[in-house]
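Remarks on the structure that follows.
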Amino acid sequence: MLDQGFVRENIELVEKGARGRGEKVDLQLFLELDQRWRELLAQRDSLKHQRNVASQSIGQLVKEGQRAEEEIARMKGLGQRIKGLDEEVKTLENRLRGVMLSIPNLPHSSVPVGRGDEENPVVRTWGEKPGFDFPPRDHLQLGGLLGLFDFGRGSKLAGSGFPLYKGLGARLERALVNFMLDLHTQKHGYLEISPPFLANRSCMEGTGQLPKLEEDMYLCEHDDLFLIPTAEVPVTNLHREEILDGDDLPLKYVAYTPCFRREAGSYGKGTRGFLRVHQFDKVELVKFVRPEGSYQELEDLLGEAEEVLRLLGLSYRVRLLCTGDLSFAAAKCYDIDVWAPGEGKYLEVSSCSNYEDFQARRAGIRFRDGGKVRFVHTLNGSGVATARLLVALLETYQTREAELIVPPVLRPYLDGREKIG
RNA sequence: GGAGGGUUAGCCUAACUGGUAAGGCAGCGGACUUGAAAUCCGCCGUCCCUUAACGGACUUGGGGGUUCGAGUCCCUCACCCUCCGCCA
């Protein structure tokens, strides 16, 4: 959410920003509501002032043992008028809030203007795409041959898109998660969090999933709780409605959680195997930082996520998302795409974003900076998502005999095993 | 699921039978000081008006109600603690 006063004073800028993302926002409506709201506030506040003054003098009279009937009778009408105005103000504020919540964040000045995926510039690529002297198999074939997972039975349990890992497949998944957690906690200085996998509405609104993406999430209706679509939700909301000590910043957290996404309306393309699933595992990095250094923090975060792929020896590229591809709440975002030889394409395994104070304002996350209280900047990035990572890993390290060479950094997590198959 | 107790500012703690949130600690700025400590003064949640100053409204977990007036009374929801029940 942007600041209401900021929107009021920078209406063209906000309009331009929203248009660049292809979001429709009724700023004319905003201006009308805002204007009316401020008029009513002034009216109501002055009536309340009258009431406060009168009530106080009534209290004084009563204390002195005098009668105050006429005064009280006079105030009764005022109370009704205030009640009416209060209702009007409230209605207006609800509508205003609706409009405010629908306004996307402004892109940072370094974000290129563009319409969508095709216009995201590649910032860098790393590693050679592996060559094979045999036709590389895709992850489904390999998984089948090696007995690593069982999509059929996953479907039997929960429907298509719910993968089931077994044997060394499950072990490999667990190894990847542990490897990433250890890297980020031990080398990069993140504090590990194991949060609830369900979250309430306030959290969802705080990080910006609500109101826009309700249809994309699983909801437990009995308790009005959502299955988290990413650990960003519980971890960013750790400090919701808190004022942090400026000396404690930056705060850096890493969390492994499963992620649940309905992916409504996305059946068909790109849904084979692990490419798009309703449940996947992810290690997420979240930072709360001072506004001044937040863009350097974003570069650092990106580097830390990239290191996962480097250590695993997987070829990847980093792209900077253009305005048209930027998510609702982000001011700047990099995607990391890993190369999957069997699929013959890049797969997105990480998004690293700076939200500036957009989430912090929604969630009320502030810090004390000297004598002042200010909003923090929040950042997060996948570090990284395992399902697609596993795809790239299988397809990159396969041998002609359909074995899997285990990358050295993973061997300690697999009893020193060098090969699977 | 049942019974009782609780939630006041970054933290800690007050407020009569309803009378308009008192203190303390921490932090920030200033005075004093060679410097520091101590001491004193101011600031230290949000919004509106305003160039600014001044001013005003709101804020006692959330939402509603009663009242001229609600931290206080009533209803409701959330969370925390204790006990009982159930349970991996």
Side-chain angles (χ1 to χ4, degrees), chain A residues 1-9 30-101 194-206 210 219-226 234 237-249 251 288 290-292 357 360-376:
Chain A
M1 187 157 59
L2 298 173
D3 177 66
Q4 193 174 329
F6 177 86
V7 175
R8 186 186 303 142
E9 283 156 27
F30 167 83
L31 285 175
E32 284 166 23
L33 293 176
D34 180 66
Q35 178 66 33
R36 178 89 185 116
W37 173 70
R38 288 187 294 160
E39 286 166 8
L40 283 180
L41 266 196
Q43 274 183 45
R44 184 193 66 168
D45 285 357
S46 91
L47 289 184
K48 285 193 172 182
H49 179 55
Q50 283 179 40
R51 181 175 71 179
N52 286 344
V53 170
S55 290
Q56 218 161 121
S57 71
I58 289 171
Q60 193 60 35
L61 288 175
V62 170
K63 203 176 263 179
E64 290 166 2
Q66 298 186 46
R67 306 172 47 123
E69 271 85 26
E70 318 95 61
E71 194 76 0
I72 290 175
R74 195 137 37 86
M75 283 299 108
K76 281 200 171 165
L78 191 62
Q80 288 310 309
R81 284 176 64 197
I82 290 174
K83 192 173 267 184
L85 278 172
D86 266 338
E87 267 167 42
E88 269 192 79
V89 167
K90 181 130 203 209
T91 311
L92 218 44
E93 282 177 345
N94 284 338
R95 294 182 63 192
L96 210 42
R97 182 169 172 77
V99 176
M100 290 300 295
L101 286 176
S194 179
F197 300 160
L198 284 83
N200 59 32
R201 266 175 203 281
S202 300
C203 290
M204 291 296 167
E205 203 168 87
L210 288 181
L219 171 63
C220 303
E221 284 188 44
H222 273 307
D223 301 289
D224 205 31
L225 292 171
F226 293 87
N237 280 285
L238 267 186
H239 295 299
R240 184 156 50 90
E241 304 298 336
E242 286 186 23
I243 297 179
L244 304 165
D245 187 337
D247 294 336
D248 292 341
L249 301 181
L251 288 169
F288 301 83
R290 306 176 74 94
E292 296 77 29
D357 61 8
R361 184 172 287 109
R362 284 185 175 221
I365 308 168
R366 294 168 296 169
F367 73 106
R368 199 169 290 279
D369 185 21
K372 286 182 185 156
V373 174
R374 304 170 62 198
F375 288 109
V376 299

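Note on naming: letters A, B, ... go to the chains in the order of the sequence lines (proteins, then strands), and numbering restarts at 1 for each one. Here the structure is a predicted model, which means the values were calculated and not measured.
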With rounding to whole Å, what would you report as the distance between B/C12 and B/G65 at their C1' atoms?
-> 33 Å
Given B/C58, B/C68, B/G56, which nucleotide is nearest the side-chain atoms of A/D45?
-> B/G56
Quantified in whole Å, what is the P atom distance between nucleotide B/U13 and nucleotide B/G19?
-> 23 Å
Nearest-Å distance once atom P is located in both B/G56 and B/C41 = 24 Å
Scan A/R366 against the nucleic acid and name what it touches under 4.0 Å (heavy atoms): base, sugar-phosphate only, or nothing.
-> sugar-phosphate
Taking atom P in both B/U72 and B/A9, compute the distance separating them and give it to the nearest angstrom.
-> 15 Å
Using atom C1' of each nucleotide, how far apart are B/G64 and B/C49 to the nearest Å?
-> 30 Å
What distance separates A/F367 CZ from A/I243 CD1, expressed to the nearest 0.5 Å?
-> 11.5 Å
Same-atom distance (C1') from B/C75 to B/U67, integer angstrom = 16 Å
Do you know the tightest heavy-atom contact between A/R240 and A/A363?
-> CG-O, 3.1 Å
So what does A/R38 hit on the nucleic acid, given a heavy-atom distance under 4.0 Å: a base, only sugar-phosphate, or nothing?
-> sugar-phosphate
Sugar-phosphate only, base, or nothing, as touched by A/R8 at under 4.0 Å among non-hydrogen atoms = sugar-phosphate
